[in-house]
S.K.: 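Supplied in structure tokens, the structure appears directly below.
Start at 1 and go down the list; that is how both ligands and their atoms are numbered. Here, residue 1 is the first one in the sequence, and each next residue gets the next number.
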Amino acid sequence: MVNLSATFQNHTFANPLMNASGVHCYTTTQLDELLASSAGTLVTKSATMAYRQGNPKPRYRSLALGSINSMGLPNEGLPYYLDYVLAKQTQADVPTLFLSVAGISMQEDLDMLAQVDQSDFNGFTELNLSCPNVPGKPQVAYDFEATEKMLDSAFKLFHKPLGVKLPPYFDLAQFDIVAKILNQYPLAYINTINSVGNGLYIDVDSETVAIKPKGGFGGLGGAYVLPTALANVHAFRQRLNDSIAIIGTGGVQTGADVFAHILAGADLVQVGTQLAKDGPDVFARLTQELSDVMAQKDYHNLSDFKNNLKEL
Ligand SMILES: O=C1NC(=O)NC(C(=O)O)N1
């Protein structure tokens with residue numbers, strides 16, 4: 001018998017799967033659909049303090065090998081999502097929830113964290129340091145000094161469980177540097193990776209880009225990014241204190257991809273592009289496929305193979 005239950009910082013989820021922030025999580029209707037699905041839990045769309053329209057459309061394009069997006073942090077504003085998780089957490093059989101924030105400035109991040117800290121929210125807060133799509137706003141987590149300053153300030157005022165959403169890194173020396181910074185803080189988790197920033201999809205027939213913002217440059221998701229996502233999960237698992245959990249995000253299309261993320265060291269696994277393509281029913285398929293892969297290998301629990309990637 002296969003048991004998919006996932007433990008994560010003393011919280012238990014029915015399975016390790018959830019949505020990636022930004023996908024099927026803008027409205028309470030979408031969030032309720034996630035709760036009604038086979039997903040183990042959910043994360044809200046990254047919020048700014050106030051409602052934000054985001055970039056001009058078309059700003060998302062589903063592609064054969066994944067997706068490209070330059071949404072630009074459209075969201076209903078922090079109060080909308082905070083109200084949602086506060087209302088939901090009082091209901092029976094609702095799992096511990098995740099709330100994502102992404103200020104346009106460090107001060108906005110701190111203001112939002114302060115507001116969440118003063119609330120009764122009992123779930124995990126995700127500080128998104130890696131949105132690649134706000135014109136003129138660099139991805140914070142590519143600036144190591146700014147990241148350190150941000151976390152110093154955040155932990156001075158925030159006392160609830162906090163995670164950070166990181167961009168992909170591509171250099172082993174960067175993994176060393178970033179892990180050294182992150183290990184200084186009592187982080188509940190890291191979530192790696194965000195979309196691979198500023199890719200450019202070209203439609204040869206029309207000789208045109210796929211999305212309107214930023215001349216077509218946007219974050220890549222889907223099959224394009226699975227090896228990069230697995231590398232970031234594994235590199236950070238090898239370098240971070242055991243006290244910091246890891247959410248693996250990027251490139252999940254099948255149960256075998258979920259298995260690979262966990263083998264690489266992920267404690268939970270998020271699904272973005274494939275959720276956008278298939279809708280919340282994707283979680284029923286992915287949990288079944290993960291269960292099938294485990295049964296074929298005679299594994300009964302996630303701990304039987306988590307972070308057990310073999311080298312040659
Ligand atoms: O962090 C983000 N990553 C993305 O790929 N897109 C969204 C966005 O543009 O809002 N934010």
Side-chain angles (χ1 to χ4, degrees), residues 18-27 30-31 42-63 65-78 80-81 98-106 108-109 112 124-143 146-147 150 163-169 189-201 209-226 228-229 232 247-252 270-277:
M18 62 189 290
N19 67 300
S21 181
V23 184
H24 212 92
C25 58
Y26 288 79
T27 65
Q30 289 178 327
L31 291 163
L42 64 75
V43 59
T44 58
K45 168 63 187 174
S46 292
T48 45
M49 188 61 95
Y51 166 82
R52 181 179 166 86
Q53 188 177 21
N55 290 339
K57 297 177 181 176
R59 57 194 187 184
Y60 183 93
R61 180 81 174 275
S62 181
L63 304 166
L65 296 180
S67 65
I68 187 167
N69 92 83
S70 184
M71 308 303 285
L73 289 175
N75 73 94
E76 296 296 329
L78 177 62
Y80 179 93
Y81 301 104
F98 289 72
L99 174 76
S100 176
V101 296
I104 302 301
S105 68
M106 187 169 115
E108 186 177 19
D109 275 325
M112 288 193 283
F124 294 94
T125 301
E126 182 163 291
L127 179 57
N128 182 352
L129 298 177
S130 47
C131 176
N133 300 323
V134 177
K137 180 179 176 294
Q139 293 171 261
V140 175
Y142 282 150
D143 177 339
T147 300
M150 177 75 244
V164 287
K165 181 74 172 281
L166 298 174
Y169 299 99
Y189 71 95
I190 68 163
N191 180 348
T192 179
I193 60 173
N194 206 317
S195 58
V196 173
N198 295 298
L200 181 62
Y201 181 83
V209 301
I211 52 175
K212 185 177 178 69
K214 292 171 55 178
F217 286 70
L220 299 176
Y224 290 121
V225 311
L226 180 62
T228 297
N232 278 260
I247 298 181
T249 303
V252 171
Q270 292 188 349
V271 185
T273 297
Q274 204 59 43
L275 169 59
K277 289 175 187 262

S.K.: Side chains of Ser46 and Asn75: do they bring a donor and an acceptor to under 3.5 Å?
M.R.: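 Per modelled atom types, Ser46 and Asn75 side chains form no pair under 3.5 Å.
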S.K.: Of the protein's non-hydrogen atoms, which lies at the shortest distance from atom 7 (C) of ligand 1, and what is that distance?
M.R.: Lys45 NZ, 3.7 Å
S.K.: For atom 3 (N) of ligand 1, which protein heavy atom lies nearest, and how many Å away is it?
M.R.: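 Heavy-atom neighbour on the protein nearest atom 3 (N) of ligand 1: Asn194 OD1, 2.8 Å.
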S.K.: Heavy-atom distance under 4.5 Å between the side chains of Pro132 and Ser195, does that happen here?
M.R.: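 Heavy-atom side-chain distance check passes, below 4.5 Å.
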S.K.: Quick check on contacts: which atoms of ligand 1 are under 4.0 angstrom from a heavy atom of Gly72?
M.R.: 8 (C), 9 (O), 10 (O)
S.K.: Which atoms of ligand 1 have any heavy atom of Met71 under 4.0 Å away?
M.R.: 8 (C), 9 (O), 10 (O)
S.K.: Any idea which atoms of ligand 1 are less than 4.0 Å away from a heavy-atom of Asn133?
M.R.: 4 (C), 5 (O), 6 (N), 7 (C), 8 (C), 9 (O)
S.K.: Where does Val134 meet ligand 1, judged by heavy-atom distances below 4.0 Å: at the side chain, the backbone, both, or neither?
M.R.: neither
S.K.: Can you give me the closest heavy-atom contact between Gly250 and Leu226, atom names plus distance?
M.R.: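 Nearest heavy atoms, Gly250 then Leu226: O-CD1, 3.4 Å.
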S.K.: Is there a polar contact between ligand 1 and Leu73, counting only N or O atoms under 3.5 Å apart?
M.R.: yes
S.K.: Heavy-atom pairs closer than 4.0 Å: do any link ligand 1 to the side chain of Ser21, the backbone, both, or neither?
M.R.: neither
S.K.: Can you sort out which atoms of ligand 1 are near Asn128, meaning under 4.0 Å from one of its heavy atoms?
M.R.: 1 (O), 2 (C)
S.K.: For Ser100 and Asn128: C-alpha separation, side-chain torsions, deciding distance, then whether side-chain hydrogen bond (donor to acceptor under 3.5 Å, both in side chains) applies.
M.R.: CA-CA 7 Å; Ser100 176; Asn128 182 352; 4.8 Å; no
S.K.: Treating Arg52 as the side-chain partner and Thr48 as the backbone partner, does any N or O pair qualify as donor plus acceptor under 3.5 Å?
M.R.: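 Between the backbone of Thr48 and the side chain of Arg52 there is no qualifying donor-acceptor contact (under 3.5 Å).
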S.K.: Please work out, at 4.0 Å between heavy atoms, whether the side chain, the backbone, both, or neither of Asn55 comes within that distance of ligand 1.
M.R.: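 Under 4.0 Å from ligand 1, Asn55 contributes no heavy atoms.
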S.K.: Measuring from non-hydrogen atoms of Gly197 to any atom of ligand 1, is the shortest distance under 4.0 Å?
M.R.: no
S.K.: Using non-hydrogen atoms of the residue, decide whether Ser195 is closer than 4.0 angstrom to ligand 1.
M.R.: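 In this structure, Ser195 qualifies as a contact of ligand 1 - some heavy atom is under 4.0 Å.
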S.K.: At what distance, to the nearest 0.5 angstrom, does CG of Asn194 lie from CD of Gln139?
M.R.: 7.0 Å
S.K.: Please work out whether the ring planes of Phe124 and Phe98 are parallel, tilted or perpendicular, with thresholds of 30° and 60°.
M.R.: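 Parallel: the ring planes of Phe124 and Phe98 meet at under 30°.
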S.K.: Atoms of ligand 1 less than 4.0 Å from Cys131 heavy atoms?
M.R.: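 Those atoms are 1 (O), 2 (C), 8 (C), 9 (O), 11 (N).
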S.K.: So does Phe217 get a backbone contact from the side chain of Asn198, meaning a donor-acceptor N/O pair under 3.5 Å?
M.R.: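 Side chain of Asn198 to backbone of Phe217: no pair is present.
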S.K.: Heavy atoms only: give me the nearest Tyr81-Ala47 pair and the separation to one decimal.
M.R.: CD1-CB, 3.8 Å
